[in-house]
Amino acid sequence: AGSFWSWREAMYELVGTLDPERFRALCLQAFREMRSAGITTVGEFHYLHHAADVADYGLDEVLLEAAAEAGIRLALLQAYYRWGAPGRPLEGPQRRFRSDSVAGFLAQLDRLAERLDPRLQSLGIAAHSLRAAAPDEVAELWAESERRDLPFHMHVEEQVREIAECAAAYGKRPMELLLDRLPLSKRFTAVHCTHTDRRDLERFAAAGATACLCPTTEASLGDGVPDLPALLAAGGRVCLGTDSNARISMLEEARWLELSQRLARERRGIARDAAGRVATTLLHAATRHGARALGVAAGELRPGAWADVVAIDLAHPELEGWTEDTLLESIFLGAGDRVIAATCVGGRWLAAGTG
């Protein structure tokens, strides 16, 4: 709890000081680091909207500009954030996150749609959480995502406190409430699912939805370890996120995904596929399942998909001794970002460490 609150307080302190110029510089730094770490598409769960304590959405276009300059593909997950907790108004720096109504939020979504670079940028709808959006608001946003054919993301059961507040306000746990209220589908991605009940995970997987896990952030905040084996056993899909960006490395996120499961009580790590490869699950989480969750035609080499590719230096010392049978394991379980030579986004190559 102490680490979480110190991180939260530091975040709000930073939020209160950011102007558009500083915000742009931080976004550009993060996006460039992502390219160097082999990330070709970022799903930006964006809720720092306003340049000051005025609902101007002045930082949304700044984010688009920074992503374009970095040359990274951006799925802008425009996040609705109205409440500080169920029935409690936003306070202090949180007010820079706010949308005062679903109608106003959707009007801003329309404005952003006109400013996108269709070669590199797309939109999605996010409800921050059931702490920040009431169930009726979430239902309205979900219906709008279906009408517009946009991906929908939401933080779900990251913290014990979130679950307690939701149960006290609405009589159900967050995931249970969502499953009962919404016709979930492959368009829905739940971020974290750290404390989600096994039975709810099974219902969630049956709906075709995706869980986005952010292992380094979940570990940094001490939130806990999600029941990934239950999700996978039910046929669920998982993708990877960075969340707080305190450390930007998809290889590290993938490795933590496996190692944290091994540390969890009564779990033995990710189930192996038919070829006995844990790394296949990690590869799909970092590529095709992430692209699917963002509604982006990428993550695999096929006709009609974007030419988004990561080049690996197979001669790097960290991969010494690899074979065709062990390459995936060598990359995901034994190598760091230094093996990433370059990334290609939409046909444009950029060497790691440049840009």
Side-chain angles (χ1 to χ4, degrees), residues 27-46 63-77 112-124 148-151 153 186-187 189 210 212 237-242 245 248-254 277 279-316 319 322 324 327-328 330-332 335-355:
C27 290
L28 186 58
Q29 177 186 353
F31 292 150
R32 284 173 169 166
E33 286 185 19
M34 288 178 179
R35 281 290 302 255
S36 288
I39 298 173
T40 56
T41 299
V42 55
E44 184 64 35
F45 197 106
H46 174 61
L63 184 73
L64 295 177
E65 294 166 2
E69 183 172 344
I72 198 167
R73 189 175 303 286
L74 174 72
L76 175 56
L77 304 172
L112 289 172
E114 297 174 356
R115 290 163 172 77
L116 299 179
D117 178 349
R119 299 168 301 168
L120 288 173
Q121 297 174 341
S122 59
L123 284 174
R148 298 178 184 230
D149 194 24
L150 295 178
H153 286 233
K186 66 180 182 179
R187 185 177 287 107
T189 296
T210 300
C212 178
R237 291 182 177 87
V238 60
C239 64
L240 287 169
T242 63
N245 292 331
I248 296 176
S249 171
M250 272 292 107
L251 290 179
E252 192 167 329
E253 297 291 349
R277 294 180 175 178
T280 302
T281 298
L282 302 180
L283 175 66
H284 291 168
T287 55
R288 63 176 61 174
H289 292 169
R292 174 184 182 270
L294 298 174
V296 174
E300 53 189 334
L301 299 176
R302 59 175 174 79
W306 291 106
D308 293 0
V309 180
V310 179
I312 303 295
D313 179 3
L314 298 180
H316 194 281
L319 295 177
W322 69 270
E324 289 187 9
L327 181 57
L328 278 181
S330 298
I331 293 171
F332 280 103
D337 291 344
R338 288 173 293 185
V339 304
I340 296 169
T343 52
C344 180
V345 176
R348 179 194 169 202
W349 283 97
L350 187 69
T354 63

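Since we're looking at a predicted model, the values are computed, not measured.
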Inter-residue atom distance [X].[atom1] - [Y].[atom2], 0.5 Å rounding:
X	Y	atom1	atom2	answer
Ile248	Phe31	CD1	CZ	9.0 Å
Leu77	His46	CG	NE2	10.5 Å
Trp306	Leu120	CH2	CG	7.0 Å
Asp117	Arg73	CG	CZ	9.0 Å
Thr40	Ile72	OG1	CD1	7.0 Å
Leu116	Leu74	CG	CG	8.0 Å

Is there a side-chain contact between [X] and [Y] in this structure, where contact means two heavy atoms from C-beta onward sitting under 4.5 Å apart?
X	Y	value
Leu294	His153	yes
Asp149	Arg187	yes
Ile340	Asp313	no
Ile331	Leu283	no
Ser122	Val296	yes
Asn245	Met34	yes

Side-chain donor-acceptor pairs of residues 348-355 under 3.5 Å, sequence neighbours excluded:
unit_1 : atom_1 : unit_2 : atom_2 : d
Thr354 : OG1    : Ala351 : O      : 2.6

Least distance between heavy atoms, [X] atom then [Y] atom:
X	Y	result
Trp322	Ser330	CB-OG, 4.0 Å
Gly336	Leu251	O-CD1, 3.5 Å
Leu282	Ala254	CD2-O, 3.5 Å
Leu150	Gly124	CB-CA, 4.3 Å
Gly241	Cys212	N-SG, 3.7 Å
Cys239	Thr210	SG-CG2, 3.9 Å

>> Among Met250, Glu252, Glu33, which residue satisfies the side-chain contact (heavy atoms from CB on, under 4.5 Å) criterion with Thr242?
In response: Met250

> Does Arg35 use its side chain to pair, donor to acceptor, with the backbone of Gly71 at less than 3.5 Å?
Replying inline: yes

> Can you check whether Ala341's main-chain N or O pairs, donor with acceptor, with His316's side chain at less than 3.5 Å?
Replying inline: no

